[in-house]
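The structure appears right after this line, and notes come after that.
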Amino acid sequence: QVRLVEFGGGSVQAGGSQRLSCSSSQYISNAYCMGWFRQVPGKEREGVAAMGSDGVLSYADSVKGRFTISKDNAKNLLYLQMDSLKPGDTAMYYCATHSKRWAPCDATGTSLYDYWGQGIQVTVSS
(Lines give C-alpha, C1' and ligand atoms only; values in the text may rest on other atoms or scores of the structure.)
Protein backbone atom coordinates (compact mmCIF):
# COMPACT_ATOMS: atom_id res chain seq x y z
CA GLN A 1 0.00 0.00 0.00
CA VAL A 2 1.17 3.49 -0.85
CA ARG A 3 -0.39 6.47 0.88
CA LEU A 4 -0.41 9.76 -0.98
CA VAL A 5 -1.44 13.10 0.47
CA GLU A 6 -1.88 16.28 -1.54
CA PHE A 7 -1.61 19.78 -0.11
CA GLY A 8 -1.24 23.36 -1.25
CA GLY A 9 -4.58 23.86 -2.99
CA GLY A 10 -7.00 26.73 -2.54
CA SER A 11 -8.34 29.72 -4.41
CA VAL A 12 -6.40 31.90 -6.81
CA GLN A 13 -7.26 34.52 -9.40
CA ALA A 14 -6.92 33.90 -13.09
CA GLY A 15 -3.40 34.52 -14.30
CA GLY A 16 -1.95 33.60 -10.94
CA SER A 17 0.17 30.69 -9.82
CA GLN A 18 -0.13 27.89 -7.33
CA ARG A 19 2.00 24.93 -6.36
CA LEU A 20 0.60 21.61 -5.30
CA SER A 21 2.64 19.13 -3.31
CA CYS A 22 2.19 15.41 -2.79
CA SER A 23 3.78 13.40 -0.04
CA SER A 24 4.16 9.64 -0.37
CA SER A 25 4.62 6.79 2.08
CA GLN A 26 7.05 5.22 -0.41
CA TYR A 27 10.30 6.71 -1.59
CA ILE A 28 9.42 8.91 -4.54
CA SER A 29 12.90 8.32 -5.91
CA ASN A 30 11.93 4.64 -6.33
CA ALA A 31 8.54 5.26 -7.91
CA TYR A 32 8.26 4.07 -11.51
CA CYS A 33 5.60 6.58 -12.41
CA MET A 34 3.92 9.44 -10.60
CA GLY A 35 1.27 11.71 -11.98
CA TRP A 36 -1.20 14.48 -11.38
CA PHE A 37 -4.82 14.25 -12.43
CA ARG A 38 -7.86 16.46 -12.06
CA GLN A 39 -11.61 16.07 -12.07
CA VAL A 40 -14.61 18.34 -12.09
CA PRO A 41 -18.09 17.16 -11.08
CA GLY A 42 -19.85 15.32 -13.87
CA LYS A 43 -16.71 14.76 -15.91
CA GLU A 44 -14.16 11.98 -16.12
CA ARG A 45 -10.86 12.29 -14.35
CA GLU A 46 -8.21 13.58 -16.74
CA GLY A 47 -4.46 13.38 -16.69
CA VAL A 48 -2.50 16.58 -16.19
CA ALA A 49 1.15 15.58 -15.94
CA ALA A 50 3.32 12.55 -15.25
CA MET A 51 6.93 11.86 -14.39
CA GLY A 52 8.71 8.57 -14.94
CA SER A 53 11.63 7.18 -12.98
CA ASP A 54 13.75 7.83 -16.07
CA GLY A 55 12.95 11.53 -15.81
CA VAL A 56 10.67 11.59 -18.83
CA LEU A 57 7.84 14.10 -18.42
CA SER A 58 4.40 14.02 -19.95
CA TYR A 59 1.79 16.78 -20.05
CA ALA A 60 -1.77 17.14 -21.22
CA ASP A 61 -2.04 19.54 -24.16
CA SER A 62 -4.27 21.83 -22.11
CA VAL A 63 -1.51 22.57 -19.59
CA LYS A 64 1.64 22.42 -21.69
CA GLY A 65 3.75 25.51 -21.15
CA ARG A 66 1.83 26.47 -18.02
CA PHE A 67 2.23 23.54 -15.61
CA THR A 68 5.45 21.86 -14.49
CA ILE A 69 5.78 18.54 -12.70
CA SER A 70 8.86 17.98 -10.56
CA LYS A 71 10.00 16.18 -7.47
CA ASP A 72 12.35 16.64 -4.54
CA ASN A 73 13.80 13.29 -3.55
CA ALA A 74 15.35 14.68 -0.37
CA LYS A 75 11.96 15.93 0.84
CA ASN A 76 10.14 12.99 -0.75
CA LEU A 77 7.66 15.33 -2.41
CA LEU A 78 6.10 15.50 -5.85
CA TYR A 79 5.12 18.96 -7.09
CA LEU A 80 2.85 20.50 -9.65
CA GLN A 81 3.70 24.12 -10.36
CA MET A 82 0.72 25.78 -12.03
CA ASP A 83 1.24 29.14 -13.73
CA SER A 84 -1.04 31.33 -15.84
CA LEU A 85 -4.01 29.67 -14.27
CA LYS A 86 -7.39 29.85 -15.99
CA PRO A 87 -10.91 29.37 -14.62
CA GLY A 88 -11.00 26.15 -16.67
CA ASP A 89 -8.25 24.76 -14.43
CA THR A 90 -10.69 24.69 -11.52
CA ALA A 91 -10.92 21.09 -10.35
CA MET A 92 -10.09 18.59 -7.68
CA TYR A 93 -6.48 17.61 -8.21
CA TYR A 94 -5.14 14.15 -7.39
CA CYS A 95 -1.68 12.70 -7.04
CA ALA A 96 -1.25 9.08 -8.15
CA THR A 97 1.38 6.44 -8.75
CA HIS A 98 1.80 3.10 -10.51
CA SER A 99 4.59 0.56 -10.85
CA LYS A 100 3.56 -1.26 -14.01
CA ARG A 101 6.91 -1.23 -15.76
CA TRP A 102 5.43 -2.84 -18.87
CA ALA A 103 3.24 0.24 -19.36
CA PRO A 104 4.20 3.78 -20.32
CA CYS A 105 4.32 6.54 -17.77
CA ASP A 106 2.19 9.32 -19.11
CA ALA A 107 -0.72 11.55 -18.26
CA THR A 108 -3.30 9.55 -20.20
CA GLY A 109 -3.56 6.08 -18.66
CA THR A 110 -5.75 6.81 -15.67
CA SER A 111 -6.60 3.13 -15.20
CA LEU A 112 -2.93 2.21 -14.85
CA TYR A 113 -2.54 4.10 -11.61
CA ASP A 114 -2.89 1.95 -8.49
CA TYR A 115 -2.71 4.43 -5.66
CA TRP A 116 -4.39 7.80 -5.34
CA GLY A 117 -4.43 10.64 -2.89
CA GLN A 118 -7.67 11.99 -1.49
CA GLY A 119 -7.55 15.02 -3.76
CA ILE A 120 -7.31 18.74 -3.14
CA GLN A 121 -9.47 21.53 -4.54
CA VAL A 122 -8.05 24.25 -6.75
CA THR A 123 -10.40 27.09 -7.65
CA VAL A 124 -9.45 29.74 -10.19
CA SER A 125 -11.66 32.81 -10.28
CA SER A 126 -11.93 35.24 -13.17
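The salt bridge (Lys or Arg N to Asp or Glu O under 4.0 Å) contacts involving residues 50-62 comprise D61-K64, where partners must be two or more places apart or lie in separate chains. Pairs engaging residues 84-108 under the salt bridge (Lys or Arg N to Asp or Glu O under 4.0 Å) rule: R38-D89, R66-D89, K100-D114 [sequence neighbours left out]. Pairs passing the salt bridge (Lys or Arg N to Asp or Glu O under 4.0 Å) check and including a residue from residues 13-33, sequence neighbours excluded, do not occur. Applying the ring-ring contact (aromatic ring centres under 6.0 Å, His included) definition to pairs two or more places apart or across chains, none involves residues 50-97. Among residues at least two apart or in separate chains, disulfide (SG to SG under 2.5 Å) pairs with a member in residues 23-68 are C33-C105. Sorted by first and then second residue, the pairs that involve residues 61-95 and meet disulfide (SG to SG under 2.5 Å), not counting sequence neighbours, are C22-C95. Among residue pairs with one or both ends in residues 20-57, those qualifying as ring-ring contact (aromatic ring centres under 6.0 Å, His included) are Y32-H98, F37-Y113, F37-W116; sequence neighbours excluded.
For the pair T68 and L80, the minimum side-chain heavy-atom distance is 4.5 Å or more. Counting heavy atoms from C-beta on, the side chains of V124 and Q13 never come closer than 4.5 Å.
With sequence neighbours excluded, the residues forming a side-chain hydrogen bond (donor to acceptor under 3.5 Å, both in side chains) with S17 are D83, listed by chain and number. Scored by the side-chain hydrogen bond (donor to acceptor under 3.5 Å, both in side chains) test, T110 finds no partners at all (sequence neighbours excluded). Remark: Q26 engages V2, S24, A31, T97 in a side-chain contact (heavy atoms from CB on, under 4.5 Å) (not counting sequence neighbours).
Listed here is the closest heavy atom pair of A91 and V40: CB-CG1, 3.6 Å. Smallest separation of non-hydrogen atoms from S58 and A107: OG-N, 3.2 Å.
Under a 3.5 Å cut-off, the side chain of S25 and the backbone N or O of R3 do form a donor-acceptor pair.
Residues L112 and L78 do not share a hydrophobic cluster, clusters being chains of Ile/Leu/Val/Met/Phe/Trp/Tyr side chains in contact below 4.5 Å. The hydrophobic cluster containing L4 does not contain M92, counting ILVMFWY residues as joined when their side-chain heavy atoms lie under 4.5 angstrom apart, directly or transitively.
With rounding to the nearest 0.5 Å, the separation of OG1 in T90 from CD in Q121 is 7.0 Å. Remark: S29 OG to D72 CG distance equals 10.5 Å, nearest 0.5 Å. Rounding to the nearest 0.5 angstrom, the gap separating the OG atom in S53 from the CG atom in N30 is 9.5 Å.
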Margin query: Apply side chain to side chain contact (heavy atoms under 4.5 Å, CB included) to residues M82 and L20 and explain how you reach the verdict.
Written below: CA-CA 8 Å; M82 304 183 291; L20 302 181; 3.7 Å; yes
Checklist line | Test side chain to side chain contact (heavy atoms under 4.5 Å, CB included) applied to M34 and K71, step by step | finding: CA-CA 10 Å; M34 296 200 74; K71 64 180 180 177; over 6 Å; no
